[in-house]
Amino acid sequence: MDFKRRNGGPLAGGASHAKRGKGMNDWEDSPSQFEEELLMLDEAEMDSEEMEGQAGHDVIPVGDLFSADLNPRWRRPHAPSLDPSSDTLVFQQIDLDYYLGSAVAGMPGQSQGKVPIIRMFGVTDSGNSVCCHVHGFAPYFYVPAPSGFTSAYLGEFQRELNSVVLKDMRSNKDNISVTVLAVDITHKENMYGYHGKQSLDFLQITMAMPRLIAPAKRLLEQGFKFGPFPLQCYQAFEANIDFEIRFMVDSDVVGCCWIELPKDKYRLREEKNVSLCQYEVDVGWTDLISHPAEGKWQRIAPLRVLSFDIECAGRKGIFPEPDKDPVIQIASMVQRQGETEPFIRTVFTLQTCASIVGSQILCFTQEKQLLQAWAEFLRTVDPDIITGYNIQNFDFPYLLNRAAALKVNYFPYLGRIRNTKSVLRDLNFQSKQMGRRENKTINMEGRVQFDLLQVLLRDYKLRSYSLNAVSFHFLQEQKEDVQHSIITDLQNGNEQTRRRLAVYCLKDAYLPLRLLQKLMCVINYMEMARVTGVPLTYLLSRGQQIKVVSQLLRQAMKQDLVMPVVKTEGGEDYTGATVIEPEKGYYSVPIATLDFSSLYPSIMMAHNLCYTTLLQKGSVQKLGLSPDDFIKTPTGDQFVKSSVRKGLLPEILENLLSARKRAKAELKKETDPFKKQVLDGRQLALKISANSVYGFTGAQVGKLPCLEISQSVTGFGRQMIETTKKLVESKYTLSNGYQADAKVIYGDTDSVMVKLGVATVSEAMEIGREAAEWVSSHFTPPIKLEFEKVYYPYLLINKKRYAGLYFSSSADTHEKMDCKGIETVRRDNCPLVANLINTCLQKILIDRDPQGAVDHAKEVISDLLCNRIDISQLVITKELTRTAQEYAGKQAHVELAERTPSMCWRTTFPSTHNTTWSSSCPNPSKLRVSCSVSQHSHAILFSGLPPY
DNA sequence: CGCCCCCCCTAC
DNA sequence: TTAGGTAGGGGGGGCG
């Protein structure tokens, strides 16, 4: 039941490793490893292709003029001419938005005034960019028709609603004359609650613009009167759906899918192009074909990914400020998705800079020109995805503010729409998952901003999120060693010192690309977009709920079910899972672990739990249901069986899980590593999506909470883990001929740890498998208990805190030492503690030497108190602390790590809440350390004051 | 010192 | 104008 990918890497921070020790004076001795890499890239290219315009021009001094033709590689491949009467246009859509614009002649939809137009951006197989304007789709929502309503009243309803919405507008700067485009009668059913499948008359109200939906909904809710009907309040349905999602659901488009525009069905813009894309077309919304991401439509277009990093010359000890401190270098690397190396590597520098093999350097004498030229470069390269490290909250805002300060007027046009300025905005995002997070946003139409830091913050739990630490963790590679404090000095030196800075800057642009590739971010995010149906950008800018909403709407539409708008109000929490009281201790016998796979999804499927199957109070009598038609859950809630109506949520879950099975099967067969990656990303996305459905129903401040569902799910779960314990303990007994009475010593939510009383791992595995199968037969499919692993030996410290040697594939050798909840896996302890405990656990579990663990712990602590600890192992974090203080200045919150048993500083970055540890504590009297080993459990405990 | 609450982070 | 859930360990601080 993983809700989040975990940090699966090695224990961070502990290992000591030599850093390239270069001070100001010894930098020129030898090229760094990174420079050698760049050289190799250069040589590889020399071998494989003719060098057209680049050879011999590694350093280009640029005066007042800047030409985009400096390097022919910058441009996208030539776009062959397109004839809409004979050619279809096929592209992978990667971004989708809408705008208000004038209707285009010949396209469907309103012709008067401003109309909403969907815009899709994408790339063809040959790498050409596409901007596609989709016409004729208008926003709408539903309300139940009042009783006695007939089509004769439609006109009156529309006129009256139109008039109240107009009256409600405080200003009408767009000069809107028609707000309600249409009102139609449709047959729909409220998805919330089972009402005997009667479909009712609903009014589908189509508005002229998305932003008119909210006032229309509000006016109808507050009380609306028209014609002969009395004043009444109307409950709105689907009035809170983002317009992009509405369009995608209705046209069966999912994020990052392939779009086909059949010949004769679209128009090519030969003039009046508003975008920088190579093809710009118009199409009616019903004329485009969306291909489900299956078979050949799973492929990914050769997208251009740009990674960049900027350097600024700050003043001593002050965080750079864009109104004062100049941008001195911008390094950029561009790579095609699917290729292994960037084909553009360039640095824009202020003042001269010595050449770097394998990269192109453009030197500027004026900062203004540098910025101008880089913006031009970006528009020429025309990337689909822009990455970097913290570009969202640092590099882009800094560039925009700096360009504004220097009045570089053509700088802030970074999107693909010519006349749309990129503007900086503050965004406050708050969720329970991620806490409160203040972010900045910059609009960049048609390009996906894929800030690697944001990806890592969302998907990985790490001890440190600095680029250096992250690179070391995932790539075993680090940044070029340049202290921020000397950047300005390097800039003010000569072309060699600036060269050193440029190498550093290039590497900071290179590392995000490497990480993106290593973590398969682009592929995994695309697969998530395809599986859940939301645009790629939503995955980084929005929460979890929108993904479920998108799937729910798609499933509901097939059955003419509509989603109500519910007002969000927090209520009482409901009861969750059971954690079996642990029999704490050290077990020198094998402990078998049995798990329910996908527990909550399988409960929802097995018992048909859904909005559409929920029987609200009195429904059983009202609908005259027989006891065979419905079930009563452990929490007393009632749901109709699938024989009466199959729920939407179970359907969604079945689709997700069966698709996951297919993806895993295909993954097994597939030999192409690239396709394998896609499939693996897909199965992961499917698993995560299935797990988030339950959370959605329980999200009380959410789009459609239903506590009857979520509390029934956990209720079944509690019942099941109890039943499992009883079943196992009743069958595996001495009296039934087994070696011992089995005992469930622990269990959490969906698992039981069983002491079977056997001596070997293989026996435990054998009985474990048999027990899992036998217990499964007592539950409704697809609920299934599985044998997962054997721990041997096993140290059970407390609820949610244990460690053991993990056996699953082989009974002969353990795969790892598995630690749960202990200091070794927590990020709020300094690495020293984690390492100490880790070593102690190894001594206890692997060496089976508890006394050795005690001795080791005592030794470390005594070393610590006598200042004998070698702090070199903290060298990485030491550097990070300096970074924090120098970069964040007074903003960096530095406090004594009083609670930690080591001499550490704790440094918290205000922006990321990222905590790092470093160096000696200047006040050892605050130190609080002790170590004791409990006689019963052999557990290492740290508490209280030291024996000094 | 015990008790309660808050905070952080983890296990599911 | 936007946000997935509960259980639970363990440190630390305030309070009586």
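For the numbers below, each heavy atom of this structure counts, side chains included, while hydrogens, waters and symmetry mates do not. Each chain gets a letter, A, B and so on, in the order the sequences are listed, and its residues count up from 1.
- Listed by first then second residue, pairs satisfying salt bridge (Lys or Arg N to Asp or Glu O under 4.0 Å) with a partner in residues 715-725 of chain A read A:K725-A:E729, not counting sequence neighbours.
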Polar pairs (N or O, both sides) under 3.5 Å between protein and nucleotides 7-9 of chain C?
{"unit_1": "C:dA7", "atom_1": "OP1", "unit_2": "A:G576", "atom_2": "N", "d": "2.9"}
{"unit_1": "C:dG8", "atom_1": "OP1", "unit_2": "A:K799", "atom_2": "NZ", "d": "2.9"}
{"unit_1": "C:dG9", "atom_1": "O3'", "unit_2": "A:R801", "atom_2": "NE", "d": "3.4"}
{"unit_1": "C:dG9", "atom_1": "N2", "unit_2": "A:R826", "atom_2": "NH2", "d": "3.0"}

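- A:R554 meets the side chain to side chain donor-acceptor pair (under 3.5 Å) test with A:S550; sequence neighbours excluded.
- Rounding to whole angstrom units, CG of residue A:L704 and P of C:dG5 are separated by 15 Å.
- Taking atom NZ of residue A:K687 and atom P of nucleotide B:dC12, one finds them 12 Å apart after rounding to whole Å.
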Inset, instruction - Begin from the C-alpha positions of A:H814 and A:Y792 and carry the test ring pair (Phe, Tyr, Trp, His ring centres under 6.0 Å) through to its verdict. - result: CA-CA 8 Å; A:H814 68 270; A:Y792 176 61; over 10 Å; no
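- Taking atom CG of A:N439 as the reference point, atom P of C:dT2 lies 14 Å away to the nearest angstrom.
- One can place CD of A:Q700 at 21 Å from P of C:dT2, the figure rounded to the nearest angstrom.
- Residues forming a side-chain contact (heavy atoms from CB on, under 4.5 Å) with A:K726 (at least two apart in sequence, or on another chain): none.
- Looking at A:S712 and A:T635, their side chains do bring a donor and an acceptor atom within 3.5 Å of each other.
- Heavy atoms of A:Y802 sit under 4.0 angstrom from primed sugar atoms or phosphate atoms, though from no base atom.
- One can place CD1 of A:I709 at 15 Å from P of C:dT6, the figure rounded to the nearest angstrom.
- In this view, A:Q545 satisfies the side chain to side chain donor-acceptor pair (under 3.5 Å) rule with no residue, not counting sequence neighbours.
- Regarding A:Q544, its CD atom lies at a distance of 10 Å from the P atom of C:dG5, rounded to whole Å.
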Legend entry - Pairing string, 5' to 3', for DNA chain C - Watson-Crick or wobble contacts under 3.5 Å, brackets [ ] where pairs cross, | to another strand: ....||||||||||||
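- DNA chain C is contacted by both A:G702 and A:T714; A:G702 maps to the nucleotide lying nearer its 5′ end (nearest heavy atom per residue).
- Counting to the nearest Å, the P atom of C:dT1 and the NZ atom of A:K217 are 13 Å from each other.
- Checking A:N443 against A:E445 by side-chain atom types alone, a donor-acceptor pair falls below 3.5 Å.
- Geometrically, A:R246 does not engage A:F243 in a cation-pi contact defined by less than 6.0 Å to the ring centre and at most 45° from the axis.
- Across the protein-nucleic acid pair, A:M753 atom CE and B:dA11 atom P stand 12 Å apart, rounded to whole Å.
- Cation-pi geometry between A:K816 and A:Y806 is satisfied (NZ or CZ under 6.0 Å from the ring centre, within 45° of the ring normal).
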